[in-house]
K.L.:
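Let me give you the structure first, and then I'll get to my questions.
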Amino acid sequence: MMSKLPFNQGQPQFVPLSTYRRYSEADMLDRSRAYYEDMKRRKTIREFSGQPVPREIIENCLLTASTAPSGANHQPWHFVVVSDPALKKKIREGAEAEEKEFYEHRAPQEWKDALAPLGTDADKPFLETAPYLIAIFGQKKTVLDDGSELKNYYVPESVSIATGFLISALHHAGLATLTHTPSPMNFLNQLLDRPAHEKPYILLVVGYPAEQCMVPNIGKKSLAEIASFR
Ligand code: IYR
């Protein structure tokens, strides 16, 4: 049986891999180092400038996210890019209501202790200041044009991989991000008119850092801590 998804039924079914590039080992060493050097400059920020960002840059980064691998290539994601100030204000209000609950009641002390180095609190002014909020939804199923439905697979994994691609594309383009996760996030379905089978995973805040932007003085684990070779 052929797939019901238009993007998954190319003819012929298999084509030669024409996009792969093989580099010399020396070039691979250089490239892997250079990529790491660039990626390690990325810092999550919480102080954004209000300076606008051309929409085409965001569109290109979303296209990069769209190249991510996904379960059965169903691409079970939807990105809502919010720049409208009135909508950003509503999102801020929704997020701050949840965060207030979290910081004042829901969060156990151990969790609050873990967050202390980041200096976070229930106040989220950046949700109005930053030029873009990208709400990232995962789709439990795909609804086809004729109304029929297809189950999606590995949705959290697929959405997380695409989000990683998006964050690195935005960084590469010269933008900064905050991976924000107000919880629960269902208020985003209502504010952004997304159906119930879509689950909000992340609210990505995107823009330039504020002029005197400060970031927590935190580090990353060493290679020996994160990897073992056997
Ligand atoms: N969602 C809350 C709390 C929070 C939780 C984790 I885990 C973080 O890494 C950062 C924050 C907030 O955004 O403040």
Side-chain angles (χ1 to χ4, degrees), residues 39-50 53 58 61 65 77-138 155-171 175-192 194 198-210 212-222 225-226:
M39 284 301 281
K40 81 175 186 196
R41 295 187 302 102
R42 189 205 61 78
K43 303 287 168 194
T44 290
I45 67 158
R46 290 182 175 78
E47 295 170 73
F48 284 84
S49 144
V53 171
I58 304 299
C61 294
W77 43 63
H78 186 83
F79 301 88
V80 183
V81 182
V82 180
S83 57
D84 173 46
L87 199 45
K88 286 195 290 183
K89 185 166 190 284
K90 284 190 185 149
I91 291 175
R92 176 182 179 180
E93 286 164 1
E96 284 184 339
E98 297 297 358
E99 296 295 346
K100 207 165 170 323
E101 259 310 292
F102 173 82
Y103 283 96
E104 286 177 12
H105 304 291
R106 275 204 312 265
Q109 193 55 44
E110 186 180 4
W111 196 342
K112 283 194 268 200
D113 291 347
L115 291 177
L118 307 184
T120 56
D121 58 30
D123 217 19
K124 307 296 180 191
F126 48 76
L127 293 175
E128 280 190 86
T129 320
Y132 292 108
L133 309 177
I134 307 182
I136 304 172
F137 292 83
V155 176
E157 293 84 347
S158 303
V159 172
S160 306
I161 297 168
T163 301
F165 276 35
L166 178 59
I167 292 170
S168 68
L170 290 162
H171 168 71
L175 291 167
T177 57
L178 165 64
T179 316
H180 185 38
T181 52
S183 168
M185 243 186 291
N186 316 44
F187 69 91
L188 289 174
N189 287 69
Q190 187 239 321
L191 287 177
L192 302 175
R194 299 311 302 174
E198 288 190 4
K199 176 182 161 177
Y201 277 84
I202 282 162
L203 185 58
L204 199 65
V205 186
V206 181
Y208 299 104
Q212 305 295 331
C213 181
M214 301 289 279
V215 290
N217 188 13
I218 52 179
K220 296 297 184 194
K221 290 182 181 176
S222 69
E225 286 171 298
I226 65 157

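For reference, positions follow the sequence shown, starting with 1. As the structure lists them, so they are numbered: ligands from 1, and atoms in each ligand from 1.
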K.L.:
Please report whether ligand 1 has a polar contact with H180, defined as an N or O pair separated by less than 3.5 Å (distance criterion only).
P.N.:
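N/O-N/O distance under 3.5 Å: yes.
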K.L.:
Tell me, which protein residue and heavy-atom name are nearest atom 5 (C) of ligand 1, and how many Å apart are they?
P.N.:
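That would be L115 CD2, 3.6 Å.
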K.L.:
Among side-chain atoms of Q190 and N186, is any donor-acceptor pair under 3.5 angstrom?
P.N.:
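The criterion, which ignores hydrogens and geometry beyond distance, is not satisfied for N186 and Q190.
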K.L.:
Looking only at distances, can you tell me whether any N or O atom of K124, backbone or side chain, sits closer than 3.5 Å to an N or O atom of ligand 1?
P.N.:
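Right, the criterion is met.
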K.L.:
Just which atoms of ligand 1 are under 4.0 Å from any heavy atom in F102?
P.N.:
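Listed by number with element, the hits are 3 (C).
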K.L.:
For atom 3 (C) of ligand 1, what is the closest protein heavy atom, and at what distance to 0.1 Å?
P.N.:
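Going atom by atom, the protein heavy atom closest to atom 3 (C) of ligand 1 ends up being Y103 OH, 3.4 Å.
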K.L.:
Report the residue from L178, L170, L133 that forms a side-chain contact (heavy atoms from CB on, under 4.5 Å) with L204.
P.N.:
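Exactly one candidate clears the test, L170.
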K.L.:
Which heavy atom of the protein is the closest neighbour of atom 2 (C) of ligand 1, given with residue, atom name and distance?
P.N.:
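Ranked first by proximity to atom 2 (C) of ligand 1 is E99 OE1, 2.9 Å.
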K.L.:
Does W111, backbone or side chain, put an N or O under 3.5 Å from an N or O of ligand 1?
P.N.:
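The answer is no, given that W111 and ligand 1 share no N or O pair closer than 3.5 Å.
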K.L.:
Please check if the side chain of E198 supplies one atom and the backbone of N189 the other of a donor-acceptor pair under 3.5 Å.
P.N.:
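No, E198 side chain to N189 backbone: no donor-acceptor pair under 3.5 Å.
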K.L.:
By number and element, which atoms of ligand 1 are closer than 4.0 Å to a non-hydrogen atom of L118?
P.N.:
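Listed by number with element: 9 (O).
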K.L.:
Could you give me the CA-CA distance, side-chain angles and deciding distance for H180 and L127, then say whether side chain to side chain contact (heavy atoms under 4.5 Å, CB included) is met?
P.N.:
CA-CA 10 Å; H180 185 38; L127 293 175; 4.0 Å; yes
K.L.:
Quick one: which of K88, R92, K90 gives a salt bridge (Lys or Arg N to Asp or Glu O under 4.0 Å) with E128?
P.N.:
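One option only clears the test, and that one is R92.
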K.L.:
Centre-to-centre under 6.0 Å for W77 and Y201, is that the case here?
P.N.:
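Between Y201 and W77, which both carry aromatic rings, the centre distance is not below 6.0 Å.
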